[in-house]
Amino acid sequence: RSLMKTSLSQPDLFPASSLQFSEEPQSQDALHGRSAILRCELSGPEDMRFWWTQDGRRVQDSNRRFQEGSNLKFTAVDRHADTGSFQCVASSSSTGETVTSANASINIKWLERGPITMNEPASEAELEEAERIVLQCHIDGHPRPSSKWFKDGAQLDRKDRILTLTNLSTGDSGIYSCCAQNAAGKVCSNHNITLNIFDKSVPRVLVAPVDQVVLRNEEAVFHCQFRAKPPPLIEWFHDAEPVLNKSRTVCLIPSSSLFALRVSKRSAAVVCVSVEIADMGERLWRVFSAGRGERVRCDPPRGQPEPQVWWERAGARVASEGRVHQRDGDLIFSPTDRSDSGVYTCVARNTAGQKQQELVVTVATSPEWIVQPQDTHVEEGQPGFLHCHARSTPEPRVTWYRKSVPITEEGSRYKLFSNGTLRINSAEVNDAQTYSCVCVTQAGSLSAHARIHILEKLKFTPVPQPSQCLQLDRESSVSCVAKARETPIMHWSRADGADLPSHASQMNGALRFSTVTRADGGNYTCVASSSVQGEIRAHVHLTVGVHVEFKLEPEQTTVYQGHTAVLHCQASGDPQPYVQWMLKDKLLSSSSSSRSMPNGSLVISNVTTEDTGVYTCIAGNTCNIRDTAAQLYVVEKPVHPRSEDEDKSQFKMFQTIALSVAVAVAYIIAVLGLMFYCKQRRKSKRLQKNRAGGEPETECLNGVQLNGHRVSEIHEEVALSSMRPSADSEKQQSCGDELHFPRAHLQTITSLGRGVFGEVFLAKARAIEETEPETLVLVKSLESREETHRSEFRRELEMFSKLNHAHVVRLLGICRETQPHYMILEYVDLVLNTFKCFINSMQQSRLCLNVFGLCLQAGTLRLSPPVNCPAHVCSLMSHCWASSPKERPTFSEILQILTDSPADTKV
């Protein structure tokens, strides 16, 4: 039980560390002498201390290697000092908790120059006797460099650090150097070596005879030694005559010395000569054209005495006369003939022996056709062959051309055979070209042309995308194109077997929808058929949606450092688009400082200068992707020291605000009192009028009493006489839903001006009237944030929504899914004049009375009476147009006059 308790409580003894590295140092490659950095970042408290260790020892800062923040920076990596394992150590000053990162190392790449040394033989003095020479290139580096050897600047076919020379000859003499290359660069040896190789077959004097003075009839000995491989023959000459061992006075010793038994009284010249003959070289090759004169020289080899040379063919000497003859060591053809092809031998001989060298003569003939290339039909995707066979002496060299460009076997497109055949491994449509075959020998050439015709297979060009999106309520089409040997027949069908909708048509492989509906989504099949090649099918899944459109785009923003920046971005579409933000080509993810809101806006808290940049909002759904960008500037907040003047000005500002508030309160009280007074007076006048008919009422406009009435009361009576208040809020909501109109279906034509609520403009509304595809409408926007304006806008919406008369402007729709709200009204010329009048009156402070969409502007202009208009109505209208407000009737009077109108009048 105690053991179980111990094991269960063990995790409590070693709790998990709260410190975690957000970025640990990673092993990396670096060049010797170049800069590098090991990064280390920790997500945790701010009171962190960092240091670095190398193989367990703490790293000390220096000019070359030092700690920069939490990172370890190398200004110049050293391959000796920077090896080993590095670790980043972080410690919390408050808690004392310490965490150590994983090991990281630097793979240092370097390359160092060095000399060339001779490993074998041990010294240059032994070169003469050496059978082989071994040279070593001392260029070292990491990774191990690849070496190249050079002799007198020409590259040798050796790639190892060790160069071994065997079968030494004079051709091996020269200056040897080496170069090496790896990821760190390329260098060459800083000390080269020069080799002087002697021809061992050439005798060299080791001991030369010296002049001697001896008494007559005494003996004389002459020593003579030569060195060569093979050992040379030595001859002695006395007065230009060979010395023979048969003489009684001369004796030849096997050591190549000459022993004179008795010297006569006269002087004599004795010469020691080494007899030799050198090799003549390897076989020679010559190719001649038939019918031309040719000459081949046979140079005698080096020898002592000088060798004699002559030409032989098939073991017999070539004649000194005739079409083929020899003269002074030259083999002469005058002229060449096809029968002259064969092997000729140049023979050299002296007393040391005989050497020979072969010459192979080929008399070239012009090529003749065996098989010429012919036009060929090749199936697309199948191999194709073109044959080009010719005979000649020697075999002709065959070259194929495509568009005047030689064809090679690079890649996998073509294969060239030794007999001249060309194979196209997999024929493509663009291989339908004319190909040229050229056969060449020294005596002439042949050429021929052939064309390849590609039989196209039935295929889609291109293959339709398997998933595509159609724009809802728009005209859309899906393309399907195919190619074959003959024009294929294209046909679209639904995968479920249902008929295509009536608003869908197909032509030349394109499936067109005049107006896309939700029901048009699904799986479709495009079929391309050919009577010769069968048919192929492509399956396409169509999704119906709405392309992404930005409702609110981000704007250029400037914020103070340390504040919060908000970039707005709202997009609409179907399916609902997914919004992401990008900065400096990197997608932003939610962090402690920045987060993306559900509506798409980006909120960056506690901004710094590093947050400055261009932020891109990307919105996309299955139909399309769109983006928009805005610049964010982060600036330092200016700091101004407060002074006594500022304190005084601040106090004065508070005084001003308090005085303004007091005046506003007094004004409101006065207005309310005046309203109450006007209402009471109006009631009393109405009572007097009902009893005995009193004086006409006057108006009160713009907060000023006119005949005891206010504009607010006039509006109130208009509302009361035109509509009944809504019984409940649910009916109002259902009315708004019925009048809702998509904002995207509005197309602005022109702006008419600005009113109390906001901008008024003329627009086209798509499908707002059932009988018309587009309707000209008048749009009033609610841009004001004041609650009084917003309340008045709602009252006006309620008023128009309950009016339904042929002579009164109709409310056609409402747009209030986003700001600003729109009121869409029926457009007539009179309405346009009304709004213009209303806007002008607001701008020029001219009186304008808006009654159920009619605007009557004061002035001298008088409209002619309407046809069949009763006299009392014309009189009423004239009074309404009176220049003085006091002379105009009130709404109550207008209502009373119209109520008293005879029943048979058309009012």
Side-chain angles (χ1 to χ4, degrees), residues 282-297 311 313-314 318 322-325 331-346 357-456:
E282 299 178 352
R283 174 181 288 189
L284 300 177
W285 302 82
R286 293 289 187 272
V287 178
F288 302 135
S289 300
R292 298 177 58 183
E294 299 290 349
R295 180 188 296 262
V296 181
R297 175 71 177 169
W311 285 96
R313 184 182 185 187
V318 176
R323 188 179 60 81
V324 180
H325 62 279
L331 179 62
I332 301 171
F333 300 87
S334 57
T336 57
D337 185 75
R338 187 171 184 177
S339 61
D340 296 335
S341 298
V343 180
Y344 295 80
T345 305
C346 175
Q357 183 179 24
E358 290 185 347
L359 169 67
V360 179
V361 174
T362 301
V363 179
T365 60
S366 298
E368 298 176 355
W369 285 119
I370 299 176
V371 178
Q372 283 186 254
Q374 303 291 330
D375 291 352
T376 306
H377 290 78
V378 181
E379 290 277 353
E380 183 181 359
Q382 299 298 320
F385 295 88
L386 288 175
H387 302 286
C388 180
H389 301 169
R391 61 169 170 261
S392 65
T393 304
E395 287 294 324
R397 185 178 71 256
V398 179
T399 306
W400 281 95
Y401 294 87
R402 181 179 185 268
K403 292 184 178 180
S404 302
V405 177
I407 295 176
T408 63
E409 288 187 337
E410 293 182 3
S412 58
R413 295 278 295 116
Y414 304 101
K415 172 68 176 177
L416 297 172
F417 294 91
S418 58
N419 62 355
T421 298
L422 170 67
R423 182 180 73 189
I424 302 175
N425 294 327
S426 179
E428 299 177 356
V429 175
N430 57 3
D431 289 327
Q433 301 289 339
T434 298
Y435 295 79
S436 302
C437 164
V438 180
C439 304
V440 179
T441 66
Q442 192 167 344
S445 63
L446 282 177
S447 64
H449 310 281
R451 183 171 182 82
I452 287 184
H453 302 275
I454 302 298
L455 302 177
E456 289 192 55

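A search for salt bridge (charged side-chain N to carboxylate O under 4.0 Å, His left out) contacts involving R283 returns E358, not counting sequence neighbours. Not counting sequence neighbours, the partners of E368 by the side-chain contact (heavy atoms from CB on, under 4.5 Å) test are R391.
Around the CD atom of E282, the shell of radius 6.0 Å holds no more than 12 heavy atoms that belong to other residues, nucleotides or ligands. Counting heavy-atom neighbours within 6.0 Å of R423 CZ, excluding the residue itself, gives a total above 12.
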The test is side-chain contact (heavy atoms from CB on, under 4.5 Å); show your working for R313 and W311 and say whether it passes. CA-CA 7 Å; R313 184 182 185 187; W311 285 96; over 6 Å; no
Could you walk me through whether Q433 and K403 pass the side-chain contact (heavy atoms from CB on, under 4.5 Å) check? CA-CA 8 Å; Q433 301 289 339; K403 292 184 178 180; 3.2 Å; yes
Residues L331, V318; criterion side-chain contact (heavy atoms from CB on, under 4.5 Å); working and verdict: CA-CA 8 Å; L331 179 62; V318 176; 4.0 Å; yes
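Residue N425 comes nearest to K415 through the heavy atom pair OD1-CB, 4.1 Å, listed as atom of the first residue, atom of the second, then distance. Counting all heavy atoms, side chain and backbone alike, C439 lies closest to P367 at O-CG, 3.8 Å. Across V398 and G420, no two heavy atoms sit closer than the pair CG1-CA, 4.0 Å. The nearest pair of heavy atoms linking S445 to V440 is CB-CG2, 3.9 Å. Taking every heavy atom of both residues into account, P394 and V287 meet most closely at CD-CG1, 4.3 Å. When all heavy atoms of V438 and S447 are compared, the pair lying nearest together is CG2-CB, 4.0 Å.
We find the CD-OG1 distance between Q357 and T345 to be 9.5 Å, quoted to the nearest 0.5 Å. One distance of note links CG of L446 with OG of S392; it measures 8.5 Å at 0.5 Å rounding. Of the inter-residue distances, the one linking F288 atom CZ with S341 atom OG reads 10.0 Å to the nearest 0.5 angstrom. To the nearest 0.5 Å, the span separating OG1 on T399 from CD1 on I407 amounts to 10.0 Å. Rounding to the nearest 0.5 Å places CZ of R338 at 12.0 Å from CG of D340. For the atom pair CZ of R286 and CD of E294, the computed distance is 10.0 Å after rounding to the nearest 0.5 Å.
Counted by atom type alone, H325 and S334 present zero donor-acceptor pairs between their side chains at under 3.5 Å. Residues H449 and T434 bring no donor and acceptor atom of their side chains to less than 3.5 Å of each other.
The backbone N or O of P335 lies less than 3.5 Å from a partner atom in the side chain of R323, making a donor-acceptor pair. Using modelled atom types, no side-chain atom of D375 and backbone atom of A450 make a donor-acceptor pair closer than 3.5 Å. Side chain of T336 to backbone of S289: a donor-acceptor contact under 3.5 angstrom is found. Under the 3.5 Å distance criterion, the side-chain polar atoms of W400 are left unmatched by any main-chain donor or acceptor of L386. Listed for the T376 side chain is a donor-acceptor partner under 3.5 Å among the backbone atoms of Q374. Not a single donor-acceptor pair under 3.5 Å links the side chain of Q372 to the backbone N or O of C388. T365 places a side-chain N or O within 3.5 Å of a backbone atom of T393 that can act as its donor or acceptor partner.
With a 4.5 Å cut-off on side-chain heavy atoms, V296 and L359 count as touching.
The side-chain contact (heavy atoms from CB on, under 4.5 Å) test with R402 is passed by exactly one of I452, L422, D431, I424: D431.
Proximity of the aromatic rings of F385 and F417 is defined here by a centroid distance below 6.0 angstrom, and this criterion is not met.
Using bins of under 30°, 30° to 60° and over 60° for the plane-to-plane angle, the ring pair F333/Y344 lands in the perpendicular bin.
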